[in-house]
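Okay, so here's the structure we're looking at.
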Amino acid sequence: MNPPGRPRRRSRYRLRAVLLDAYGTLFHYEPARLSILFAAIVERLNVPIDSEILLQHWRVHETAFRQSRVWLTDDGEWDAPPPDQFTPYREAWRNAFELASAELSLDPAYIPSAIKMIYEDLKGRGMYRDVQPALEALRARVPLAIVSNADHEYLHGTIATHGLAFDHVIHSEGVKIYKPHPRIFETALAAFGIDDPSHAIYVGDTPKEDIHGPQGIGIPAVWINRAGADWPSDIPTTPDYEISSLLGLVDIVASKTLSAL
């Protein structure tokens, strides 16, 4: 108990940072959106192909890129190409368009404009309705950062579109590594000067990148499962917490802070 007349001291928070995924967690990223976007690309840029056929071929190469950017070694450790061989999304998407266009005998002249349309689409992605009130409540308790597999330009564009502010914005293009590699999470901890990973918490929608990844270095992970999906059987870990709305994170964060002394 505090002696009479002595002011109560505000406690430190045991939880020192909330790390948030961006697309699919804060901003809409539904897979069906690609069909709409590719239909617009084909129509606006006069590409002589059915948009679903172009998307099908493009997706094969884009998926191959995602599978090759980070991998598990025989020892169960995440590995990736060295930083000087890092491929940002804009280059990976351009390569996927070039390969798809060659397969479909398309003139590749449309590709730079198609990449620009993807960027603009991402910058304009809507924000889930629970995000603004959740961020306001969280910011009153603990610093916030975004940790995202994203290129600098469109990620910062999306953040600016919605007038949001974070203590740090950490993205794959800046770190030159993709989640779930530990280096991107270690960079986030270092930005806050956090030595103990349990003093942060990570929130995201993708099991491998956003749950298995941070847990690998000791960061508790929250799965935001907006669609009520089943946990995939091929992921060897399970979330520390599961929520269906970002507002559910507010109670979790409150439970991980210390009461006033």
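Positions are given from 1 along the sequence. Any value given below was found using the heavy atoms of this structure, including those in side chains, with hydrogens, waters and symmetry copies removed.
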Under 3.5 Å donor-acceptor, [X] side chain and [Y] backbone:
{"X": "T158", "Y": "L122", "result": "yes"}
{"X": "H162", "Y": "L164", "result": "no"}
{"X": "N225", "Y": "G228", "result": "yes"}
{"X": "T25", "Y": "A22", "result": "no"}
{"X": "D151", "Y": "E153", "result": "no"}
{"X": "H152", "Y": "S172", "result": "no"}
{"X": "D130", "Y": "S245", "result": "no"}
{"X": "N149", "Y": "K179", "result": "yes"}
{"X": "H168", "Y": "A191", "result": "yes"}

Using the rule given for side-chain contact (heavy atoms from CB on, under 4.5 Å), can you reason through H28 versus M127, listing the C-alpha separation, both sets of side-chain angles and the distance that settles it, and then say yes or no? CA-CA 6 Å; H28 284 270; M127 187 168 64; 6.0 Å; no
Closest contact, heavy atoms only, [X] versus [Y]:
{"X": "P207", "Y": "I235", "answer": "CB-CG1, 4.0 Å"}
{"X": "I217", "Y": "P182", "answer": "CG2-CB, 3.4 Å"}
{"X": "D205", "Y": "D21", "answer": "OD1-OD2, 2.8 Å"}

Filter on side-chain hydrogen bond (donor to acceptor under 3.5 Å, both in side chains), then keep only pairs touching residues 228-237, sequence neighbours left out; what's left?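 Checked against side-chain hydrogen bond (donor to acceptor under 3.5 Å, both in side chains) - neighbours excluded - the pairs reaching residues 228-237 are Q215-T237.
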Any Lys/Arg nitrogen of [X] or [Y] sitting under 4.0 Å from an Asp/Glu carboxylate oxygen of the other?
{"X": "R139", "Y": "D167", "answer": "yes"}
{"X": "E120", "Y": "K123", "answer": "yes"}
{"X": "R66", "Y": "E62", "answer": "yes"}

As a quick check of understanding, evaluate side-chain contact (heavy atoms from CB on, under 4.5 Å) for V222 and D240, giving each step before the final call. CA-CA 6 Å; V222 181; D240 294 283; 6.0 Å; no
[X] side chain to [Y] side chain, donor-acceptor N/O pair below 3.5 angstrom:
{"X": "H171", "Y": "E173", "value": "no"}
{"X": "D75", "Y": "T73", "value": "no"}
{"X": "H61", "Y": "E103", "value": "yes"}

So for atom [atom1], which belongs to [X], do other residues, nucleotides or ligands contribute more than 12 heavy atoms lying within a distance under 6.0 Å?
{"X": "D74", "atom1": "CG", "answer": "no"}
{"X": "D79", "atom1": "CG", "answer": "yes"}
{"X": "R129", "atom1": "CZ", "answer": "no"}

Can you classify the ring geometry of [X] versus [Y] as parallel (below 30°), tilted (30 to 60°) or perpendicular (above 60°)?
{"X": "Y154", "Y": "Y119", "value": "perpendicular"}
{"X": "F65", "Y": "Y89", "value": "perpendicular"}
{"X": "F185", "Y": "Y202", "value": "perpendicular"}

What I'd like to find out is whether the side chain of [X] reaches to under 4.5 Å of the side chain of [Y], using heavy atoms alone.
{"X": "S101", "Y": "I111", "answer": "yes"}
{"X": "Y178", "Y": "P81", "answer": "no"}
{"X": "P108", "Y": "F97", "answer": "no"}
{"X": "P133", "Y": "L247", "answer": "yes"}

Could you walk me through whether L246 and L26 pass the side-chain contact (heavy atoms from CB on, under 4.5 Å) check? CA-CA 8 Å; L246 201 64; L26 305 180; 3.8 Å; yes
Does the pair Y128 and F27 meet the rule for a ring-ring contact (aromatic ring centres under 6.0 Å, His included), with working shown? CA-CA 6 Å; Y128 293 106; F27 312 117; 8.5 Å; no
Can a cation-pi geometry be assigned to R16 and F192, taking NZ or CZ under 6.0 Å from the six-membered ring centre and within 45° of the ring axis?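 No - R16 does not lie over the ring of F192 by the 6.0 Å and 45° rule.
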Apply ring-ring contact (aromatic ring centres under 6.0 Å, His included) to residues H212 and W78 and explain how you reach the verdict. CA-CA 11 Å; H212 190 194; W78 293 108; 5.7 Å; yes
